Amino acid sequence: MNYTVRVNAENVAGRSTKCSDTNFHTFPISKAHCRSKPFIVVNDFCSGSEPPGNFSATALGQSTIVVNWTKPRSLYGQLAGYRVVYRVDGYNDSNSFVGVAAESTSVTIRGLSPRTTFNITVFVIAEDSTSGHVTEGLPAPYQLVTTAGPKRNIEA
């Protein structure tokens, strides 16, 4: 389920300008990828973590893509893991994702359709140790990757 919230702060000094819209998404992630149970992730583009660096995605055969990145330079909280989102390019409603442990900086996505272009990006998930809030930072710039097609025998 998705929610969008707009927040302003107000005190005796006045009222703040509105931060960009904050999107809340609920999805489960295993304890191996984050210390908490299923949680609400906040896309906090005002104070969220930087995106992962050196992001790359490479097709490995007909149905596999390998995704690599480096840890972000700055985090909003403690690194709890990553969320790798992939979808068939041009189909915005078909997002799938893989949760990745904080110690890892790569993932292999298998079982994809041959000769298909995928839109892939990586988000950092960080957890504030004081409040327990979990935030999803800015995404790495997306990559378009096309899986190979089956080999064809061509006879002359």
Side-chain angles (χ1 to χ4, degrees), residues 1-7 18-36 38-128 133-155:
M1 183 155 287
N2 299 325
Y3 303 93
T4 300
V5 177
R6 295 183 181 136
V7 178
K18 179 186 80 66
C19 179
S20 60
D21 291 350
T22 301
N23 297 306
F24 293 85
H25 306 283
T26 58
F27 62 88
I29 192 165
S30 72
K31 288 186 178 184
H33 302 122
C34 185
R35 289 182 303 280
S36 61
F39 56 82
I40 294 176
V41 170
V42 179
N43 286 359
D44 190 345
F45 297 130
C46 292
S47 60
S49 301
E50 285 188 6
N54 300 316
F55 171 58
S56 68
T58 307
L60 191 65
Q62 296 181 35
S63 61
T64 302
I65 292 176
V66 177
V67 184
N68 295 287
W69 62 90
T70 57
K71 292 182 179 183
R73 291 177 289 156
S74 69
L75 289 167
Y76 181 71
Q78 183 178 5
L79 182 61
Y82 301 93
R83 187 167 70 105
V84 178
V85 178
Y86 61 98
R87 65 176 167 81
V88 174
D89 189 45
Y91 291 90
N92 294 334
D93 295 336
S94 65
N95 284 351
S96 297
F97 73 90
V98 177
V100 180
E103 304 79 40
S104 297
T105 55
S106 68
V107 67
T108 301
I109 304 170
R110 293 182 170 83
L112 301 172
S113 299
R115 294 189 316 179
T116 303
T117 300
F118 291 89
N119 181 316
I120 301 172
T121 195
V122 179
F123 294 86
V124 172
I125 299 173
E127 185 173 4
D128 184 309
H133 292 129
V134 177
T135 61
E136 183 176 79
L138 292 168
Y142 72 88
Q143 298 276 318
L144 292 177
V145 180
T146 304
T147 53
K151 293 182 181 179
R152 296 181 181 168
N153 293 329
I154 300 174
E155 296 181 25

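Since this is a predicted model, take the numbers as computed values, not measurements.
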Heavy-atom check, side chain of [X] versus side chain of [Y], under 4.5 Å:
X      : Y     : value
Thr58  : Leu60 : no
Val85  : Asn95 : yes
Val122 : Arg83 : no
Val124 : Leu75 : yes

With side chain to side chain contact (heavy atoms under 4.5 Å, CB included) as the test, pick out the partner of Val145 among Asn119, Val67, Ile65.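 Testing Val145 for a side chain to side chain contact (heavy atoms under 4.5 Å, CB included) against Asn119, Val67, Ile65 leaves exactly one candidate, Ile65.
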Closest heavy-atom pair and its distance - [X], [Y]:
X      : Y      : answer
Trp69  : Val107 : CZ3-N, 4.0 Å
Pro51  : Pro72  : O-CB, 3.6 Å
Thr121 : Pro139 : OG1-CB, 3.7 Å
Ser104 : Tyr82  : O-CE1, 3.2 Å

Only counting residues at least two apart or in another chain, list the ones meeting side chain to side chain contact (heavy atoms under 4.5 Å, CB included) with Thr116.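 So Thr116 forms a side chain to side chain contact (heavy atoms under 4.5 Å, CB included) with Val88, Ser113, Phe118, Thr147.
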Could you pull out all residues at least two apart from Arg73 that satisfy salt bridge (Lys or Arg N to Asp or Glu O under 4.0 Å)? Glu50
Looking at [atom1] of [X] and [atom2] of [Y], how far apart are the two atoms once the value is rounded to the nearest 0.5 Å?
X      : Y     : atom1 : atom2 : answer
Gln143 : Asn68 : CD    : CG    : 10.5 Å
Arg110 : Thr64 : CZ    : OG1   : 6.0 Å
Asn54  : Lys71 : CG    : NZ    : 14.0 Å

Take Tyr86 and Ile109, measure what side chain to side chain contact (heavy atoms under 4.5 Å, CB included) needs, and give me the verdict at the end. CA-CA 9 Å; Tyr86 61 98; Ile109 304 170; 3.6 Å; yes
In chain order, what residues pass the side chain to side chain donor-acceptor pair (under 3.5 Å) check against Thr146, with sequence neighbours excluded? Thr117
